[in-house]
Amino acid sequence: MLILDEIDVSYGPISALRKISLKVPEGAVVAIIGANGAGKSSLLKSIAGWEIPTSGSIRFIDRSINHDITRLPSHKRTDLGIALSPEGRGIFPDQSVRDNLMLGAYLRRHDPAGIERDILHAFARFPILGTRQHQPAGTLSGGEQQMLAITRALMSAPKLLLLDEPSLGLAPLMIQEIFATICALRDEGLTIVLVEQMANQALAIADYAYVLETGDIIQHGKGADLMHDPKVRAAYLGMH
Ligand code: ATP
């Protein structure tokens with residue numbers, strides 16, 4: 001569904017990603033793990049169109065149509081079916097939970113019936129969001145805000161969901177719930193790229209994973225295989 005071919009991303013003189021190539025098959029969860037500053041967020045931003053690579057190409061393949069999206073503006077990628085739930089969640093704390101969801105559906109604003117159906121679906125998935133739908137999003141707990149961020153990304157009816165550190169700052173029970181949600185979304189047919197520092201949990205659910213280190217992919221393989229790789233265990237799982 002997604003093919004990155006040797007992409008470079010820089011911020012002025014700072015090179016964040018160097019010749020990154022990766023593939024995301026349709027219906028898979030692909031995890032990107034790595035330490036702080038490895039370039040994980042830059043990778044997701046380049047897929048979502050928030051950063052444009054200085055070289056290389058990004059292709060999005062949907063229903064046998066091969067789209068070169070390397071330089072496509074982000075709203076057109078949303079139209080194609082790519083949604084990003086950013087690090088730090090990016091929700092609007094003063095707006096109500098429901099209004100945050102409506103903002104996620106902005107590009108579908110001419111489909112009010114579809115939006116309402118998806119909002120009801122979201123409330124069935126996360127009942128707390130329904131209970132709190134008229135409250136400012138800033139009054140939700142951290143875990144609830146993360147659920148809102150994921151749900152808002154789903155409101156654009158994506159085919160490819162990009163999740164940037166969904167477990168960040170959450171309590172263990174809530175982290176479990178977020179990972180269970182990611183598995184449920186895959187079961188519903190969504191393709192997911194998951195950026196995580198919680199390498200253990202990410203590898204446990206990932207069909208495939210890439211390890212990023214200061215802008216380079218240093219290792220890749222099936223999630224289960226990387227979990228047993230001695231180098232990955234020592235560097236990212238805190239095990240020897
Ligand atoms: P984290 O988990 O801390 O978010 P990360 O793996 O997601 O880390 P990135 O945020 O992609 O890493 O950062 C990769 C490199 O690019 C880092 O050296 C970072 O300092 C740099 N960088 C990221 N965003 C910018 C920016 N807007 N301007 C300048 N440098 C940046």
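Only heavy atoms go into these numbers, but all of them, side chains included; no hydrogens, no water, no symmetry mates. Whatever order the structure lists ligands and atoms in, that order sets their numbers, starting from 1.
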Report yes if some heavy atom in the side chain of [X] is under 4.5 Å from a heavy atom in the side chain of [Y]; otherwise report no.
X: L43; Y: V193; answer: no
X: M174; Y: M147; answer: yes
X: I150; Y: I178; answer: yes
X: D207; Y: R186; answer: yes

Legend entry - Residue portion contacting ligand 1 (non-hydrogen atoms closer than 4.0 Å) for N36: both

Inset, instruction - Examine the proximity of ligand 1 to K45 and report which part, side chain or backbone, both or neither, has a heavy atom under 4.0 Å away. - result: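 It is neither; nothing of K45 touches ligand 1.
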
Inset, instruction - Report yes or no: does a heavy atom of A35 sit under 4.0 Å from some atom of ligand 1? - result: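 The answer is yes: ligand 1 sits under 4.0 Å from a heavy atom of A35.
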
Below 4.0 angstrom from a heavy atom of [X], which ligand 1 atoms are there? Numbered from 1 as shown, please.
X: A38; result: 5 (P), 6 (O), 12 (O)
X: I14; result: 30 (N)
X: E165; result: 2 (O)
X: K40; result: 2 (O), 5 (P), 6 (O), 7 (O), 8 (O), 11 (O), 12 (O)
X: Q197; result: 2 (O)

Legend entry - Minimum-distance pair of heavy atoms, taken over all atoms of P166 and E196: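 P166 and E196 have their closest heavy atoms at CD-OE2, 3.2 Å.
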
Given 3.5 Å as the limit, does a donor-acceptor pair link the side chain of [X] with the main chain of [Y], or not?
X: R18; Y: T214; answer: yes
X: Q219; Y: L226; answer: no
X: D8; Y: S10; answer: no

Inset, instruction - Considering only protein heavy atoms, determine whether one is less than 4.0 Å from atom 14 (C) of ligand 1. - result: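 There is a protein heavy atom less than 4.0 Å from atom 14 (C) of ligand 1.
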
Legend entry - Protein non-hydrogen atom found under 4.0 Å from atom 11 (O) of ligand 1: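 Yes.
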
[atom] [closest protein heavy-atom partner, distance rounded to 0.1 Å]:
atom: atom 4 (O) of ligand 1; value: E87 OE1, 3.0 Å
atom: atom 29 (C) of ligand 1; value: Y11 CB, 3.3 Å
atom: atom 9 (P) of ligand 1; value: S42 OG, 3.7 Å
atom: atom 17 (C) of ligand 1; value: G37 O, 3.7 Å

Legend entry - Polar proximity ligand 1 side, G39 side, N/O cut 3.5 Å exclusive: yes

Legend entry - Heteroatom proximity flag, A16 to ligand 1, N/O under 3.5 Å: no

Inset, instruction - Classify the angle between the aromatic ring planes of H220 and Y210 as parallel (below 30°), tilted (30 to 60°) or perpendicular (above 60°). - result: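 Ring orientation, 0 to 90° scale: parallel.
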
Legend entry - Crowding at CE, M102 (>12 non-hydrogen neighbours, <6.0 Å): no

